[in-house]
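Working notes, beginning with the structure itself.
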Amino acid sequence: MDSTGNPTSAEAMDFHGKVVLVTGGGKGIGRGISESFLAAGAEVLICGRSQPDSLPAAGGRQALFTPCDVRDFEQVEACVEFAVQQFGRLDVLVNNAGGAPHADAATASPRFSESIIRLNLIAPLNFCQVANRVMQQQDSGGCIINIASVSTIRPSPGTAAYGAAKAGLVNLGTSLAVEWAPKVRVNAVIVGLTRTEQAHLHYGDEEGIAAVGSTIPLGRMAVPEDIGNACLFLASPLASYVSGTSFAVHGGGEKPAFLDAANAGD
């Protein structure tokens with residue numbers, strides 16, 4: 001504690017005794033988030049449709065896995081119940097699971113669009129509801145972090161339903177933050193272009209990844225640890241007065257295309 005009785009920065013980022021549930025926490029951005037909380041001392045439970053080949057580990061700790069299709073409400077309830085059975089509480093929920101394949105909005109089937117919205121908006125809403133039941137009963141309440149995307153704040157050609165769902169997820173958080181205060185804080189992280197183990201599928205080889213990174217003001221794509229660090233802050237006492245907002249982690253965003261097209265200075 002400092003002279004005012006508040007926790008120091010180091011103490012605020014110590015998650016020993018805290019329980020964190022990360023959906024889709026076994027790979028990509030979710031794995032980076034899981035490892036960040038493990039390194040900070042938390043007990044971490046991850047869920048997904050199938051167990052990853054290796055579980056996230058950091059700081060001498062390893063995540064625990066439980067199967068869960070986040071689109072199935074009964075499985076969502078079972079997942080949260082498992083967390084409470086194993087650890088006795090739930091302090092942080094990170095709704096990370098999501099995604100979408102490329103699809104032309106003009107020809108995408110209604111069934112396809114509905115499935116994308118179910119995964120990226122309805123499933124997180126359901127997880128929020130079930131986690132909130134637990135957190136409201138705890139003296140210390142809890143924290144929910146919804147992982148959104150830059151598709152929330154810019155056009156998302158090829159993934160229109162995904163962008164719309166993620167935008168809905170950000171708005172959802174603003175409402176839940178009001179309804180569930182003061183016990184539960186709800187925030188969103190707007191994630192920019194991120195280099196994961198599947199980056200080559202989206203951006204090509206190392207040359208392509210470097211070229212994409214050069215378009216970002218900070219000169220590189222994010223890595224999962226960058227997103228994990230943002231989540232640590234939002235879940236910590238340092239963010240105790242932060243709720244109902246979105247936190248952009250995108251390296252400064254994307255330079256407007258017109259700047260390269262304009263010839264006013266020629």
Side-chain angles (χ1 to χ4, degrees), residues 1-23 25 33-34 36-37 40-45 47 70 73 76-77 79-98 120-148 152-153 165-191 227-249:
M1 295 288 181
D2 62 19
S3 59
T4 64
N6 294 316
T8 63
S9 295
E11 290 171 335
M13 301 302 282
D14 183 353
F15 282 82
H16 283 88
K18 300 295 184 181
V19 178
V20 181
L21 170 56
V22 183
T23 69
I33 295 169
S34 300
S36 293
F37 277 106
E43 300 289 350
V44 176
L45 173 66
C47 70
V70 299
F73 187 72
V76 169
E77 289 185 306
C79 180
V80 173
E81 183 179 352
F82 179 79
V84 175
Q85 288 176 344
Q86 289 292 311
F87 303 111
R89 59 186 300 107
L90 177 61
D91 298 287
V92 181
L93 167 66
V94 182
N95 272 314
N96 165 76
N120 292 282
L121 177 58
I122 304 302
L125 168 59
N126 289 339
F127 245 111
C128 286
Q129 287 181 321
V130 179
N132 178 65
R133 295 177 194 166
V134 175
M135 293 175 177
Q136 291 290 343
Q137 303 305 312
Q138 298 174 164
D139 290 342
S140 58
C143 171
I144 295 173
I145 301 170
N146 293 319
I147 302 300
T152 297
I153 54 177
K166 288 297 189 180
L169 186 60
V170 170
N171 181 269
L172 172 69
T174 65
S175 299
L176 300 185
V178 174
E179 289 194 30
W180 297 346
K183 277 292 191 71
V184 176
R185 294 186 298 110
V186 185
N187 291 294
V189 176
I190 295 178
V191 176
I227 315 307
N229 287 339
C231 290
L232 282 177
F233 166 72
L234 288 173
S236 77
L238 296 177
S240 62
Y241 200 63
V242 179
S243 192
T245 193
S246 57
F247 188 14
V249 185

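Position 1 is the first residue of the sequence, and the numbers go up from there. Worth knowing before you read on, the calculation uses all heavy atoms, side chains too, and leaves out hydrogens, waters and symmetry mates.
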CA sep, side-chain torsions, deciding dist, call: Val249, Ile190, side-chain contact (heavy atoms from CB on, under 4.5 Å):
CA-CA 6 Å; Val249 185; Ile190 295 178; over 6 Å; no
Please lay out, stage by stage, how Val19 and Leu45 fare under the test side-chain contact (heavy atoms from CB on, under 4.5 Å).
CA-CA 8 Å; Val19 178; Leu45 173 66; 5.7 Å; no
Verdict with reasoning, Phe73 to Val130, per side-chain contact (heavy atoms from CB on, under 4.5 Å)
CA-CA 9 Å; Phe73 187 72; Val130 179; 3.7 Å; yes
Applying side-chain contact (heavy atoms from CB on, under 4.5 Å) to Cys79 and Leu21, what does each step give before you reach the verdict?
CA-CA 9 Å; Cys79 180; Leu21 170 56; 4.0 Å; yes
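Counting only heavy atoms from C-beta outward, the side chains of Ile147 and Asn95 never approach each other to under 4.5 Å. Between Arg133 and Glu77 the shortest side-chain heavy-atom distance falls below 4.5 Å.
Between the side chain of Asn96 and the backbone N or O of Thr23 there is at least one donor-acceptor pair closer than 3.5 Å. The backbone N or O of Ala188 lies less than 3.5 Å from no partner atom in the side chain of Ser246, so there is not a single donor-acceptor pair. Checked by atom type and distance alone, the side chain of Asn126 never pairs as donor or acceptor with a backbone atom of Val70 at under 3.5 Å. Of the possible polar contacts, none joining the Asn120 side chain to the Ala165 backbone as a donor-acceptor pair under 3.5 Å is found. Looking only at distances, no side-chain donor or acceptor of Glu43 sits under 3.5 Å from a matching main-chain atom of Phe87. Under a 3.5 Å cut-off, the side chain of Arg185 and the backbone N or O of Gly141 do not form any donor-acceptor pair.
Residues that satisfy the side-chain contact (heavy atoms from CB on, under 4.5 Å) test with Ala167, not counting sequence neighbours, are Thr152. Residues passing the ring-ring contact (aromatic ring centres under 6.0 Å, His included) test with Phe15 are Phe37, sequence neighbours excluded. Every residue meeting the side-chain contact (heavy atoms from CB on, under 4.5 Å) condition with Leu176, not counting sequence neighbours, appears here in chain and number order: Cys128, Leu172, Trp180, Val186. With sequence neighbours excluded, the residues that form a side-chain contact (heavy atoms from CB on, under 4.5 Å) with Asn229 are Ser36, Glu225, Leu232.
Sorted pairs that involve residues 234-246 and meet salt bridge (charged side-chain N to carboxylate O under 4.0 Å, His left out), not counting sequence neighbours, are lacking altogether. Residue pairs meeting the salt bridge (charged side-chain N to carboxylate O under 4.0 Å, His left out) criterion with at least one partner in residues 79-90, sequence neighbours excluded, are Arg89-Asp91.
The heavy-atom pair separating Met135 from Leu90 by the smallest distance is CG-O, 3.5 Å. The two residues Pro124 and Asn146 come nearest to each other via the heavy atoms CB-OD1, 4.5 Å. Closest heavy-atom contact between Pro237 and Ala12: CD-O, 3.1 Å. Here the closest non-hydrogen pair linking Ala40 and Asp14 is O-OD1, 3.6 Å.
The CG atom of Asn132 sits 10.0 Å away from atom NZ of Lys183, with the distance rounded to the nearest 0.5 Å. Rounding to the nearest 0.5 angstrom, the gap separating the CZ atom in Phe127 from the CG atom in Leu93 is 6.5 Å. Taken to the nearest 0.5 Å, the CD atom of Glu11 stands 13.0 Å off from the NE2 atom of His16.
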